Amino acid sequence: MSSDPYRGGILKEDINKVVLNYTSSISHDNEIKQYVVDITKAHVVILYEKNLIKLKEAKSILSVLSELGDFELNYSTEDVHANLEALLISKVGPELAGNVNLAKSRNDQVSTAIRMALREKIVKTMNQLLSLKEAMLSKSDELVDAIMPGYTHLQHAQPTTLAHYLLAHHDRIDRDFERLFELYKRVNMSPMGSGALATSSFQIDRNEEALLLGFNGVLENSIDAVSSRDFAVEALFNFSLIMTDLSSIAEEFVLWCTSEFNFVQLPDEFVSTSSIMPQKRNPIVAEMIRAKTSSTYGNLFSVMSIVKALPLGYNLDLQEITPHIWSSYEIVSSSLFVVREMLLKAKFNTSKMYKEANDGVSTATELSNLLVKYGVPFRVSHKIVGSFLRSYANELSPQQFCNYLKQNLNLSISLQEIENCFNVKKVVESYNLVGGPASEEVKRAIKKRKEKLVYQSKEVNNLLDSLLSYKKALDKRVHELLNLSEQLNLHL
Ligand code: ARG
């Protein structure tokens, strides 16, 4: 007999093996297998409560489901849903196994299972983002006074500190966290009870089923619920953006560990050497982060291209979306791990950073600002300082600038005042507006972010608790039902 529970009606013949291989989702259904079992359990509970199946029937299905454990998927079935039904048929017979499908279909079930698997991955990613944020904040704490050149166009621009710089990366990661928090709410809605597309004439309770599965509510419109994968697009976009932010960090590691920059030494365990050139310390982890980012964009674009031309209703094209979600998640999760480790173990060469910041160029803005304080219009002072830098590129010094002003503009400004503008430490301390690099301001910013981190950890713990508690509550319901006596049931 065919292992395909859906054949034997309109289709007499078995499916062609090549067609089965080509169209089956079994090779990536492992990701959703356990959720399909949970959904089936919840559905059987509801079917029993709504008098759509008898207690005896519910019990025999639930006891099989409860003892399934980590069952092997059979590659000669279309997907995990057909696989589970075939398995149930072998244990409880075709009639009963078939009735599990009352008021449900693979279409609502698969979307529900993907959402259940994804919501866990979202929470895990949020947790990893928090660990990275924590690492960034503790590094920032140590580096409040580590002066470095700030760049625009990768040219020395204005001095800043490494702590200020790390906080910039931190704040991007913080927004990634917030985006996932928002996304979670949209993912955590249940399609169950939408059936194939039009709900069902069997009177189940969609809300109750959603609650049993730990969802926040139902995804109301049943056609939308089975047809839409915007939650997947959004997840893939968020994963891509996390990778974009990590790639930007990775790119800086690659640049900063060159002998030209020499701002950082990566730990031995994060670099490789060359088979021929003994001096090499290749930043392979950072390079892989940059490249793997592109794969997440590929996944996002594949999925957007799949959904853009689909009519409403379930189309098998949707099946092709799912593995892209898991692929991007794997990339994000492994990358978040290595970036955090690399950051914590990296040795920053703060004296080289200071030396570069102290080159007399990155404080040029302060020289023009000084002239403004003496009544020179800014656009004029900008040109004066520009001409000075052009003429004395190799011998920049406060004394030189003092002489230059005297000779060319007949302007007398004390050497002390000019020296203050060349002093990177003083310049950095003067950048004390909200969000600037001055040490007090950076300390305030770190403190505020640490407080936020505590709050965000609570949010993540609440989500983790809710994921654990639905599972416990569902198992409890199943257990209670399995222990209900037939007679007692008759009296109720
Ligand atoms: N394997 C399918 C998927 O992953 C499940 C839904 C199939 N539905 C159908 N009508 N063929 O999307």
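If you read the sequence from its start, that first residue is 1, and numbering goes on from there. Computed from a predicted model, the values in this text were never measured in an experiment. Atoms within a ligand are numbered from 1 in the order they appear, just like the ligands themselves.
Every pair passing side chain to side chain donor-acceptor pair (under 3.5 Å) that includes a residue from residues 205-216 is listed here, sequence neighbours excluded: H43-E209, S194-R206, E208-R477. A side chain to side chain donor-acceptor pair (under 3.5 Å) check over residues 236-247, counting only residues at least two apart or in different chains, returns the pairs T244-Y297.
Not counting sequence neighbours, E134 has no partner by the side chain to side chain donor-acceptor pair (under 3.5 Å) test.
Under a 4.0 Å N-O distance rule, the pair E451/K448 does not qualify as a salt bridge. Contact check on R7 versus D14 returns no salt bridge, with no Lys/Arg side-chain nitrogen under 4.0 Å from an Asp/Glu carboxylate oxygen.
Contact residues for ligand 1 (protein heavy atom closer than 4.0 angstrom to any ligand atom): S25, D79, H81, R106, N107, V110, Y314, Q319.
Other residues, nucleotides and ligands contribute only 12 or fewer heavy atoms inside 6.0 Å of the CZ atom of F337.
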